[in-house]
Amino acid sequence: MELDPDIVKEFENLEVATKPPSEEELREFDVNAPLQTAIKFQHPTYSTIPKFFHAPPPQNNTLRQNLRKEAHSLFLQKRSQELLDNDELGALWTLLEKHCTQVTPLGQQLISYDDYQKLLEAVSIKCRKYLTARLYAKLQCHSMYPGKVEIVSIFNYTMRKVWLTQGRIGLSFYDEIGQGYLREIDMENYIIDIIPTLAQISSCVQPSFQSFYVCTVVKKFFFFLDPLHTGRIRIRDILASGLLTELLELRDEETPKESQEQNWFSMPSVLTVYGNYLNLDKDHNGMLSKQELAGYGSGTLTSVFLDRVFDECRTFDGEMDYKTFLDFVLALDNRHEPQSLHYLFRILDVQHKGYLTAQTLHYFFKGIQEQINAVNAEAVNFEDLKDEIFDMVKSKDPYKITLQDLINCGQAETVVSILIEFHKFWAYENREDGSHNV
């Protein structure tokens with residue numbers, strides 16, 4: 001085989017030996033020869049440090065996959081049996097009242113550490129796992145009564161601990177991979193299975209609408225807990241976020257109408273979002289075009305902003321589906337949240353540089369100018385607006401605004417709104433005289 005002269009020249013210039021390769025070595029050189037396997041270095045500590053990571057079995061290994069799932073299921077069942085049930089929680093409250101040390105004039109029941117120790121001897125073995133010396137010390141730090149703790153705080157801690165563990169076990173049953181997180185399909189299966197336990201949903205959701213309800217619920221979890229779109233969310237993040245608590249509030253049969261309207265997972269809220277989607281879909285093809293989305297909210301989102309939304313977000317033949325619309329709604333309805341700012345910053349960052357400049361602000365201001373001219377309103381000087389935005393953000397670099405700058409400034413909702421929506425811009429411009437009418 002004749003070697004390319006350029007390859008030979010590059011090979012000669014490599015500084016990997018003290019002498020240049022001989023003609024014989026060059027003749028025997030085979031560019032297609034397989035690389036030798038690297039020699040693995042065996043450190044003495046490898047024999048004493050225990051293995052702390054066990055990769056999940058490959059998908060094609062059915063036996064190991066089934067064994068892992070069965071072991072995982074048995075482990076979760078065992079943990080479930082260690083939880084306190086309602087009767088045991090009731091018995092705990094009775095014993096707490098029995099070992100009460102003092103009752104304040106306001107009716108608060110207190111317990112000293114000595115009586116707490118006596119309580120530990122009286123409760124069941126399952127209860128003792130919750131009532132530790134460390135728990136008493138933590139509660140004592142926040143107690144208004146030196147040397148004593150309110151028994152209700154001990155009981156509330158125990159109940160919440162049981163609820164969180166119960167929630168973690170329940171979610172873990174849907175963790176198909178067994179790595180402590182749920183994929184979108186896992187979360188959908190979980191929601192479908194708990195719908196019968198949600199009194200406010202099970203009584204009114206129609207089979208034909210269930211898939212839309214599940215999609216709406218799951219989307220909020222992933223919007224707030226997976227802003228980087230990794231396709232999975234950690235179970236511990238689900239529990240810590242409070243979203244699951246909000247969802248499980250729907251188990252109560254009677255909830256004030258105002259509370260239902262504020263709960264994204266309630267049927268009135270889901271129907272409102274879905275109804276808005278249907279109303280915007282003028283041609284009834286199940287998708288939203290840029291012109292149709294322009295009618296969202298106040299109907300004054302700028303054309304420049306909408307162009308960027310369709311540039312950055314997932315579309316199908318230039319139109320937006322219901323899932324993408326849900327992300328859009330969650331971002332605009334929660335503009336003060338870091339996850340929403342992450343979504344909106346991606347749209348504002350036209351050049352994908354990771355920061356906004358005066359040029360970027362002017363690009364979006366042109367959309368505001370279009371609507372100012374359309375209603376024959378008084379012109380606004382861009383330089384003044386630009387200076388106000390940089391004053392509000394107080395960015396580290398006086399010429400650049402990063403996402404972190406927006407999050408830290410506390411004025412991000414205002415900054416974003418005046419760049420993308422004429423209605424919000426006009427309200428900001430006339431905030432001092434109170435005249436918001438155009």
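We're numbering straight along the sequence, starting at 1. Side chains are part of it too, since the values below use all heavy atoms of this structure and drop only hydrogens, waters and symmetry mates.
Formation of a donor-acceptor pair under 3.5 Å by the Glu292 side chain with backbone atoms of Asp283 is found in this model. Judged by distance alone, the side chain of Asn279 and the main-chain N or O of Gly275 form a donor-acceptor pair under 3.5 Å. Looking only at distances, no side-chain donor or acceptor of Ser298 sits under 3.5 Å from a matching main-chain atom of His423. One N or O on the side chain of Asp281 and one on the backbone of Asn285 form a donor-acceptor pair closer than 3.5 Å. Checking side-chain atoms of Lys424 against main-chain N and O of Thr414 turns up no donor-acceptor pair under 3.5 Å. Within the 3.5 Å criterion, the main-chain N or O of Asn334 finds a donor-acceptor partner in the side chain of Ser340. Formation of a donor-acceptor pair under 3.5 Å by the Asp384 side chain with backbone atoms of Val380 is not found in this model. Without hydrogens or angle criteria, Arg251 side chain to Leu198 main chain gives no donor-acceptor distance under 3.5 Å. A donor-acceptor pair is defined here as one N or O able to donate and one able to accept, closer than 3.5 Å; such a pair exists between the side chain of Arg346 and the backbone of Glu312.
A salt bridge does not link Arg128 with Glu121: every distance from a Lys NZ or Arg NE/NH1/NH2 to an Asp or Glu carboxylate oxygen is 4.0 Å or more. A salt bridge links Lys290 to Asp307: one of the charged nitrogens lies within less than 4.0 Å of a carboxylate oxygen.
Nearest heavy-atom pair across Ile111 and Tyr136 is O-OH, 2.9 Å. Considering all non-hydrogen atoms of both residues, Ala133 and Tyr113 come closest at CB-OH, 3.6 Å. In this structure, Phe425 and Ile418 approach most closely via the heavy-atom pair CD1-O, 3.6 Å. Taking all atoms of both residues into account, the shortest heavy-atom contact from Leu301 to Leu306 is O-CD1, 4.1 Å. Heavy atoms only, all atoms of each residue included: Val162 and Leu84 are closest at CG1-O, 3.7 Å. Annotation for Phe221 and Ile238: closest pair CE2-CG2, 3.9 Å, computed over non-hydrogen atoms.
Summarising the local packing, CD1 of Ile125 is surrounded by 12 or fewer heavy atoms from other residues, nucleotides or ligands at distances under 6.0 Å. Within 6.0 Å of the CG atom in Asn381, the count of heavy atoms belonging to other residues, nucleotides or ligands exceeds 12. Other residues, nucleotides and ligands place more than 12 heavy atoms under 6.0 Å from the CZ atom of Phe316.
Using modelled atom types, one finds no donor on one side chain facing an acceptor on the other under 3.5 Å when comparing Asn373 with Gln369. Ser73 and Gln77 share a donor-acceptor pair across their side chains, judged by distance under 3.5 Å alone. Side-chain polar atoms of Thr230 and Asp226 form a donor-acceptor pair below 3.5 angstrom. Side-chain polar atoms of Ser172 and Asp175 form no donor-acceptor pair below 3.5 angstrom. With no hydrogens or angles considered, a side-chain donor-acceptor pair links Thr360 and Thr357 at under 3.5 Å. A donor-acceptor contact closer than 3.5 angstrom is absent between the side chains of Gln117 and His99.
In this structure, His72 NE2 and Phe173 CZ are separated by 8.0 Å, a value rounded to the nearest 0.5 Å. Rounded to the nearest 0.5 Å, atoms CG (Leu171) and CG (Asp186) are 10.5 Å apart. Of the inter-residue distances, the one linking His336 atom NE2 with Ser417 atom OG reads 11.5 Å to the nearest 0.5 angstrom. Between Ile169 atom CD1 and Gln81 atom CD the span is 10.0 Å, to the nearest 0.5 Å. Atom CG of Asn263 is separated from atom OG of Ser269 by 6.0 Å, given to the nearest 0.5 angstrom. Rounding to the nearest 0.5 Å places OG of Ser124 at 8.0 Å from CG of Leu92.
Annotation: side chain of Tyr116 is not in contact with side chain of Val149 (no heavy-atom distance under 4.5 Å). No side-chain heavy atom of Val350 sits under 4.5 Å from any side-chain heavy atom of Asp311. The shortest distance between side-chain heavy atoms of Leu356 and Phe345 falls below 4.5 Å. The closest side-chain heavy-atom distance from Trp426 to Ile368 is not below 4.5 Å. Residues Leu385 and Phe365 form a side-chain contact, since some pair of their non-hydrogen atoms from C-beta on lies under 4.5 Å apart. The shortest side-chain heavy-atom distance between Thr324 and Thr315 does not fall under the 4.5 Å cut-off. At least one side-chain heavy atom of Trp163 sits under 4.5 Å from a side-chain heavy atom of Thr245. Counting heavy atoms from C-beta on, the side chains of Leu110 and Cys100 never come closer than 4.5 Å.
With sequence neighbours left out, the side-chain contact (heavy atoms from CB on, under 4.5 Å) criterion links Val304 to Thr302, Tyr363, Phe364. Annotation: salt bridge (Lys or Arg N to Asp or Glu O under 4.0 Å) contacts of Lys282 (sequence neighbours excluded): none. By the ring pair (Phe, Tyr, Trp, His ring centres under 6.0 Å) test, His362 pairs with Phe382, sequence neighbours left out. For the ring pair (Phe, Tyr, Trp, His ring centres under 6.0 Å) test, residues two or more places apart in sequence or in another chain that qualify with Trp93 are Phe155. The salt bridge (Lys or Arg N to Asp or Glu O under 4.0 Å) check on Glu319 picks up nothing, with sequence neighbours excluded. In this structure, the ring pair (Phe, Tyr, Trp, His ring centres under 6.0 Å) partners of Tyr174, at least two apart in sequence or on a different chain, are Tyr190.
Listed by first then second residue, pairs satisfying salt bridge (Lys or Arg N to Asp or Glu O under 4.0 Å) with a partner in residues 58-73 read Lys69-Glu176, not counting sequence neighbours. Sorted by first and then second residue, the salt bridge (Lys or Arg N to Asp or Glu O under 4.0 Å) pairs with a member in residues 89-99 form an empty list; sequence neighbours excluded. For residues 140-154, the side chain to side chain donor-acceptor pair (under 3.5 Å) pairs, not counting sequence neighbours, are Gln108-Tyr145. Sequence neighbours left out, the pairs with a member in residues 387-406 that pass salt bridge (Lys or Arg N to Asp or Glu O under 4.0 Å) are Glu388-Arg431. Within the structure, the salt bridge (Lys or Arg N to Asp or Glu O under 4.0 Å) test picks out no pair touching residues 347-375 (sequence neighbours left out).
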Side-chain donor-acceptor pairs of residues 208-220 under 3.5 Å, sequence neighbours excluded:
{"unit_1": "Tyr213", "atom_1": "OH", "unit_2": "Phe265", "atom_2": "O", "d": "2.7"}
{"unit_1": "Thr216", "atom_1": "OG1", "unit_2": "Phe212", "atom_2": "O", "d": "2.7"}
{"unit_1": "Thr216", "atom_1": "OG1", "unit_2": "Tyr322", "atom_2": "OH", "d": "2.8"}

Residues Leu332, Leu344; criterion side chain to side chain contact (heavy atoms under 4.5 Å, CB included); working and verdict: CA-CA 8 Å; Leu332 293 187; Leu344 293 168; 3.9 Å; yes
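Each of Phe310, Tyr296, Tyr343, Tyr277 was checked for a ring pair (Phe, Tyr, Trp, His ring centres under 6.0 Å) with Phe328, and the lone residue meeting it is Tyr296.
Judged by the 6.0 Å distance and 45° axis criteria, Arg234 is not positioned over the aromatic ring of Tyr181.
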